[in-house]
Visitor: 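So that we are looking at the same thing, I have put the structure below in C-alpha cells.
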Amino acid sequence: MGKKKLVMIGNGMAGVRTIEEIIKLAPEAFDITIFGLEPHPNYNRIKLSTVLQGDTTVEDIIMNSWEWYQENHIELFTGETIVKIDTDKKIVLSDKGREVEYDELIIATGSSSFILPVPGADKQGVTGFRDIQDCETMINTSKQFKRAAVIGGGLLGLEAARGLLNLGMEVEVIHLMPHLMERQLDPTSSKMLKDELEKQGMNFIMEKQTAEILGEERVTGLRFTDGSEIAVDLVVMAVGIKPNVDIAKDSGIYVNRGIVVDDFMHTSATNVYAVGECAEHREMVYGLVAPLYEQGKVLASILCGAETKPYEGSIVGTGLKVSGVDLFSAGEIEDDENTKSIKVHNEFDGVYKKIIIRDNRVSGIVLYGDTKDSSRLFKMLIKKEDVSGMTSVSILESGCCGGGVDSNDVAAMADDDIVCGCNGVTKGTIVEAIQSKELTTVDEVGGCTNAGRSCGRCKSQIADILAYTLGDKFDVAAEKTALCGCTTLSRDEVVAEMKEKGLTSIREVMNVLEWKQEEGCSKCRPALNYYLGMILQDQYVDDRDSRLVNEKMHANIQKDGTYSVIPRMYGGVTSAADLKKIAEVAEKYNVPLVKLTGGQRIGLYGVKKEDLPVMWEELGMPSGYAYGKTLRTVKTCVGAKFCRFGTQDSMGLGIELEKKFERLDTPHKVKVGVSACPRNCAEAGIKDFGVVGIDGGWEVYVAGNGGTDLRAGDLLETVKTKEEVIELIGAFMQYYRETADYLERTSKWVERVGLDHVKEILANENTRQALNARLDKTLLKYNEPWSEAIENKEIQEKYYQKREVPVLV
Ligand SMILES: Cc1cc2nc3c(=O)[nH]c(=O)nc-3n(C[C@H](O)[C@H](O)[C@H](O)COP(=O)(O)OP(=O)(O)OC[C@H]3O[C@@H](n4cnc5c(N)ncnc54)[C@H](O)[C@@H]3O)c2cc1C
Ligand SMILES: NC(=O)c1ccc[n+]([C@@H]2O[C@H](COP(=O)([O-])OP(=O)(O)OC[C@H]3O[C@@H](n4cnc5c(N)ncnc54)[C@H](O)[C@@H]3O)[C@@H](O)[C@H]2O)c1
Ligand code: SF4
Ligand code: FES
C-alpha cells in the first residue's frame, strides 16, 4: 500500500510538534505537505518575548531548520496561505493557486492578535505581538521613535512592555481592569507585580479604555473613553487573541469560537482534524503550549493507528517571562464561601503565596517571589490530591532543606513531579532518559524528552537533575560548550580530535568520536564539513549533502520555495554586455523581480529550481555566492579613478580582493567594503573587513557588522600598499577560519577572543606568512559551482530536477 497523503495547514508550534510525534511513531506512513503563511520554518513563538528583550536572536529561536523538513521528506510551502478546503474532493487550495490532495488533513492555524476595533487601528505604528514581523516592527520603530503604549496588561502586554523598555523606549501600559494580569493574579500579588515593574521603569494607566488612535497616516497618540489623551509613536495591542478559523468556517466545518473538535481532535468533517490554538475542545480554546502539545500527541497516535487515551482537557499553569519577576499561577485565584485558603505574605522578602483549597483539594495556586514549590503544588492540583491529612506548612513547603539547595530540591522531588510544564515531562522521565541513554547535557535531555524545548524556564532545573543524577560525571563546562546534542565534546575538542586522530570524513568523525545519533543532526553536519575542510585544506572532499540548504543548491531559497540567482560582479563593477545578458535571461524566464542588492549586485528573484542550471548557462557568469558562508561581496566606491576626493584605487583593490577570496569557506558569511577616502561611501566601517584609503596608505578595519548586531569595525592596522592590505587580510581571514566557531560572525569572534589578541597574532611576520600559506593552499581546491552544475548531469538530476507534488488541475 502506498503512503497516505497528510497535509497540514499552519507551520507553527502545535502543528509541527504533532508532525514530530507522527514521525516518531510511523516515519514511513505519510507523504507530508505543510503550508505556512509565514516565510519561516517553525520557530519558537514563545521566545519572541526574549528576542524583543534582546536576549535571543531570531536565528536562535528556529526549532525545525529547513534541513529538518528536507531530512524528513516534508514538502514545505512557506509564505503560502491556504484559502479553501474542499472536504468533498479532499483538496486544499492555496493563495498561489496550488491545489493539493489529502487523505488526512490537519488544521493548525493558531491565532492572530486581537486588534481593538477602534478608529485609527489601521494606522502606521499600530501592531500586535504575535510573529517575527511584529517583533521586527517594534525593533525598527524603537530606532526612530521613543514613546510606546502597550494596550493590555496581561502576560503578552507585560512581556512586550519589558522588551520595549530594553529597546530604549518610554513605555505606558494601558490596562482596562483595576489590576494587572487579573486572570492569573489576585489583587495582592498583582500589586506586588506592578510595584516591581514600576521600579523597572514601566508606567501604568489603569482602568482606561481606548476610544481612538490619533494621528494622520502614523499614530501620534491615544484618546480614552473619558476624553483624556496621551502622545505616543507606537501602539502594541496585547488584548488577547482570536483563533484563525475562517478557512474552516468557509469550508463548512463546524466552528464556534474555535474549530470544534472531539476528544480525538476530529472536526465535523471526515479525515479533517484541528490542533492548537485554533481548536476548541469541550468549549475551551487554549493559548499556552502545554495543552496544545497534549492534543498533538493524541492526534499523532490517532493518525498512526497507535493506542491512545482521549484528550480530556487540561489545567494550565502560567508564569511571566520578565527578568526580576518570579510568579506562577494555576487554577482559581479568588476564594469564596466554600474555599479555605493558605496565605503567606512576607512583605520584607517580597514573597506571596496563596493556595486555595476547595473540598480538601488544591484548586488554585498563586505564587509571587518564590515559585520553587510550583511543580509540586501543580501536581497536587492536577491530581486532585486529598490534603485533609496535611498541615498548612507541609502543603506550602516541600520536606527538603539545608545544604546545597539545588540537589536537595531535586532529591525531594517525587518521580511524578512535573519539571517541564510546557511539555508535561516529569522528573522520573528525565532521570530515566539520563540513565538509559547516557545523556549529559540539557540539550540532549531536550532532544530525548522534549523537556526545555519551549519557554525554557525549566532548563536550570533540568541541569540540577543532571547534576544530581550524574554526580561527579556532570561537567558544567561541557554542558555549556557541546557542539550539539549529538556529542558532549566542544567545538575545540572535536577539532583537536580530528587533527590528532587524522580523521578525514564526517562519518569517521561520528564513528570514532562516538556520536550519539548515527546520522548526526542539522547542527553538527554542516559544522563538521566546515571543520574538516578547514583542517585538511586542499585534500578534503566536500560533502555537499551536509551543507546548509542554500549552499547545497548554490542559490538562496525564497519564502515561496523559489530561488534567487545573483551572479558575481567583482567589486560591484559591471559592463553593458553583462547587463544585456542579465536582462535577456530575466525576460526569457519571466523572472518576477530584478533588484539591486545591498552589496551592489543584481539579483533575479523568484526563479524555479529546475530553471537554475539553464539560466546560469545562459548568463555565463560565475556564482556570486550570495547564499554562502563565504565571501559574499566586496562593495567599492568609485575611488580615485573618478571621484575628486579619492586618494586610492578602491575599485581595483576591491576587485583584487574579491577575486582572491571568492568561494573560500568561512565560519559565517563575510562582507567587505573598500572606500578610497574617509568619506567612506562603501560603508567599510560596518563590514567583516573594510579598507579605507587615506593619503599614502590604507586603514584596515575588522569585525564590523551592519546587520542585526550593529557594530562598528575596529581599526586593525594602517598600511602603505595594497599588497600589504592583501597579506594582512589573508592572515586575518585564515586566523578567523581556524579559530572561530562555525556560524560565528567576525564581530562576535573578535569580541570573544579580543582584538588585542588578534593584533598580537598578526603582528608576528612568520605567523602571518604561515597563515597565508595555509590559506593559499586551501584556495586551490575550489571549482566554480554553477559551471559544475551546467556540465554535470548527475548534479542536475540530483539537485535541480522538479519533484512532483500531488497537484490537481
Ligand atoms: C510573544 C508570545 C509569547 C508567548 N509566551 C508563551 C509562554 O511563555 N508559554 C506558553 O505556553 N505559550 C506562550 N505563547 C503562546 C504560544 O506561542 C502559542 O500557544 C503557540 O504558538 C500556539 O501554537 P499553534 O501551532 O496553535 O499556533 P501558531 O504557533 O500561531 O502557528 C500557526 C501558524 O499557522 C499559520 N497559518 C494561519 N492560517 C494559515 C493558513 N490559512 N494557511 C497557512 N498557514 C496559516 C500562521 O501564520 C502560523 O504561523 C506566547 C505567544 C506569544 C506571541
Ligand atoms: N508567559 C506566558 O505564558 C505568555 C506570554 C505571552 C503570551 N502568552 C499567551 O498569548 C496569548 C495572548 O496574551 P494576552 O496577554 O494578549 O491575552 P490575555 O487575554 O491573557 O490578556 C489580555 C489582557 O488585556 C486586557 N484588556 C482587554 N481589553 C482591553 C482594553 N480595551 N484596554 C486595555 N486592556 C484590555 C485584559 O484585561 C487582559 O488582562 C494568551 O493566550 C497568553 O496565554 C502567554
Ligand atoms: S569614499 Fe571618498 S573617494 Fe570614494 S566615492 Fe566616496 S568620496 Fe569619493
Ligand atoms: S517549562 Fe517551558 S520549556 Fe519547560
Side-chain angles (χ1 to χ4, degrees), residues 8-18 34-38 40 42-52 77-78 80-83 92 94-95 107-114 116 118 128-131 134-135 150-160 163 173-177 180-184 205 208-210 237-241 243-244 246-247 275-279 285-293 296 316 318-322 421-422 454-457 636-640 642-648 650 674-682 684 692-693:
M8 187 164 80
I9 312 174
N11 186 32
M13 296 186 75
V16 176
R17 173 59 68 83
T18 310
I34 303 181
F35 286 88
L37 185 159
E38 296 182 66
H40 312 281
N42 178 38
Y43 63 88
N44 190 342
R45 200 173 297 285
I46 297 178
K47 293 270 183 179
L48 287 178
S49 303
T50 42
V51 171
L52 192 67
F77 297 102
T78 51
E80 197 159 332
T81 309
I82 292 299
V83 290
V92 293
S94 83
D95 59 348
I107 308 178
T109 46
S111 315
S112 303
S113 303
F114 179 69
L116 288 175
V118 292
F129 182 20
R130 182 71 197 174
D131 54 28
D134 295 337
C135 227
V150 175
I151 307 183
L155 290 162
L156 188 67
L158 297 177
E159 290 182 12
V173 176
I174 291 105
H175 194 53
L176 190 63
M177 308 301 282
L180 298 172
M181 282 179 58
E182 75 282 355
R183 292 179 181 191
Q184 293 87 9
I205 303 180
K208 284 271 173 167
Q209 182 149 13
T210 308
M237 298 258 195
V239 291
I241 47 177
N244 293 322
D246 288 354
I247 36 156
V275 71
E277 284 189 354
C278 64
V285 176
Y286 295 95
L288 294 169
V289 289
L292 312 183
Y293 287 165
V316 292
T318 32
L320 183 71
K321 302 191 294 298
V322 168
C422 291
S454 307
C455 72
R457 243 189 325 251
T636 63
C637 77
V638 285
F642 288 93
C643 179
R644 62 203 167 92
F645 299 113
T647 54
Q648 299 285 359
S650 49
V674 184
S675 292
C677 87
R679 285 170 187 79
N680 208 349
C681 295
V692 178

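Counting from 1, the numbers follow the sequence of the chain as shown. Counting convention: from 1, in listed order, for ligands and their atoms alike.
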Visitor: To which protein heavy atom is atom 3 (O) of ligand 2 closest, and what is the distance rounded to 0.1 Å?
Guide: Leu288 CD2, 3.3 Å
Visitor: Can you sort out which atoms of ligand 2 are near Lys321, meaning under 4.0 Å from one of its heavy atoms?
Guide: 1 (N), 5 (C)
Visitor: Looking at Val275, Thr81, Ile247, which one forms a side chain to side chain contact (heavy atoms under 4.5 Å, CB included) with Thr109?
Guide: Ile247
Visitor: Which residue owns the protein heavy atom closest to atom 10 (O) of ligand 2, what's the atom, and how far is it?
Guide: Gly287 O, 4.3 Å
Visitor: Which of the listed options, Gly154, Gly240, Gly421, holds the heavy atom that is closest to atom 17 (O) of ligand 2?
Guide: Gly240
Visitor: Under the salt bridge (Lys or Arg N to Asp or Glu O under 4.0 Å) test, which residues partner Arg130, sequence neighbours left out?
Guide: Glu277
Visitor: Does Tyr293 have any ring-ring contact (aromatic ring centres under 6.0 Å, His included) partners at least two apart in sequence or in another chain, and if so, which?
Guide: none
Visitor: Hey, does the side chain of Thr647 reach the backbone of Ala676 with a donor-acceptor pair shorter than 3.5 angstrom?
Guide: yes
Visitor: Have a look at His175, Arg45, Arg130 and point out the one with the heavy atom closest to atom 25 (C) of ligand 2.
Guide: His175
Visitor: Among protein heavy atoms, which lies nearest atom 25 (O) of ligand 1, and at what distance?
Guide: Ala14 N, 2.8 Å
Visitor: Looking only at heavy atoms, what is the nearest atom pair of Leu292 and Ala14, with distance?
Guide: CB-CB, 3.9 Å
Visitor: Please state which protein non-hydrogen atom is closest to atom 2 (C) of ligand 2 and give its distance, to 0.1 Å?
Guide: Gly319 O, 3.6 Å
Visitor: Counting from 1, what ligand 1 atoms have a heavy atom of Ser49 closer than 4.0 Å?
Guide: 1 (C), 3 (C)
Visitor: Nearest heavy-atom pair of Ser650 and Thr636: which atoms, and what distance?
Guide: O-CG2, 3.7 Å
Visitor: Side-chain contact, heavy-atom cut-off 4.5 Å: Arg45 with Asp131?
Guide: yes
Visitor: If you measure every N/O of Glu159 against every N/O of ligand 2, is any gap under 3.5 Å?
Guide: yes
Visitor: Any side-chain heavy atom of Leu320 sitting closer than 4.5 Å to one from Gln184?
Guide: no
Visitor: Look at atom 38 (C) of ligand 2 and say which protein heavy atom is nearest, naming residue and atom and giving the distance to 0.1 Å.
Guide: Glu182 OE2, 3.4 Å
Visitor: Please indicate whether any nitrogen or oxygen in Leu176 is less than 3.5 Å from any nitrogen or oxygen in ligand 2.
Guide: yes
Visitor: Who passes ring-ring contact (aromatic ring centres under 6.0 Å, His included) against Phe35, sequence neighbours left out?
Guide: Phe77
Visitor: Relative to the heavy atoms of Ile174, which atoms of ligand 2 are at a distance of less than 4.0 Å?
Guide: 33 (C), 34 (N)
Visitor: Under 3.5 Å between some N or O of ligand 1 and some N or O of Thr81?
Guide: no
Visitor: Taking a cutoff of less than 4.0 Å between a non-hydrogen atom of the residue and any ligand atom, is Ile151 in contact with ligand 2?
Guide: yes
Visitor: Output the list of atoms in ligand 2 that are nearer than 4.0 Å to some heavy atom of Met177, sorted by atom number.
Guide: 37 (O)
Visitor: Which atoms form the tightest heavy-atom contact between Val239 and Phe114, and what is the distance?
Guide: CG2-O, 3.4 Å
Visitor: With backbone taken as N, CA, C and O and side chain as the heavy atoms from C-beta onward, which portion of Leu156 lies under 4.0 Å from ligand 1: side chain, backbone, both, or neither?
Guide: side chain
Visitor: For atom 26 (N) of ligand 2, grab the closest protein heavy atom and report residue, atom and distance to one decimal in Å.
Guide: Val239 CG1, 3.8 Å
Visitor: Provide, to 0.1 Å, the distance between atom 20 (O) of ligand 2 and the closest protein heavy atom, together with that atom's residue and name.
Guide: Arg183 NH1, 3.9 Å
Visitor: Please work out, at 4.0 Å between heavy atoms, whether the side chain, the backbone, both, or neither of Ala108 comes within that distance of ligand 1.
Guide: backbone
Visitor: List the closest protein heavy-atom neighbour of atom 15 (O) of ligand 2: residue, atom name, distance to the nearest 0.1 Å.
Guide: Leu156 N, 3.0 Å
Visitor: Which ligand 2 atoms are under 4.0 Å away from a heavy-atom of Leu116?
Guide: 31 (N)
Visitor: Where does Tyr286 meet ligand 1, judged by heavy-atom distances below 4.0 Å: at the side chain, the backbone, both, or neither?
Guide: neither
Visitor: Could you tell me which non-hydrogen atom of Gly15 sits nearest to which non-hydrogen atom of Ala108, and how far apart they are?
Guide: CA-CB, 3.7 Å
Visitor: Identify the two heavy atoms, one from Ser454 and one from Arg17, that lie closest to each other, and give their separation to 0.1 Å.
Guide: OG-NH2, 4.5 Å
Visitor: If you measure from each non-hydrogen atom of Leu292 to ligand 1, which part falls under 4.0 Å: side chain, backbone, both or neither?
Guide: side chain
Visitor: Measuring from non-hydrogen atoms of Glu80 to any atom of ligand 1, is the shortest distance under 4.0 Å?
Guide: yes
Visitor: Nearest heavy atom to atom 44 (C) of ligand 2: which of Val285, Leu155, Thr210, Val289 does it belong to?
Guide: Leu155
Visitor: Return yes if a side-chain donor-acceptor contact under 3.5 Å exists between Ser94 and Glu80, otherwise no.
Guide: yes
Visitor: Which heavy atom of Phe129 sits nearest to which heavy atom of Ala160, and what is that distance?
Guide: CD2-CB, 3.6 Å
Visitor: Judged by atom type as modelled, is there a donor-acceptor pair below 3.5 Å linking the side chain of Ser675 to the main-chain atoms of Cys637?
Guide: no
Visitor: Which residue and atom name correspond to the protein heavy atom nearest atom 12 (C) of ligand 2, and how close is it?
Guide: Ile241 CG2, 3.8 Å
Visitor: Looking at Gly152, which atoms of ligand 2 are within less than 4.0 Å of one of its heavy atoms?
Guide: 24 (O), 33 (C), 34 (N)
Visitor: Quick one: name the protein N/O/S atoms under 2.8 Å from atom 2 (Fe) of ligand 3, chain by chain.
Guide: Cys677 SG
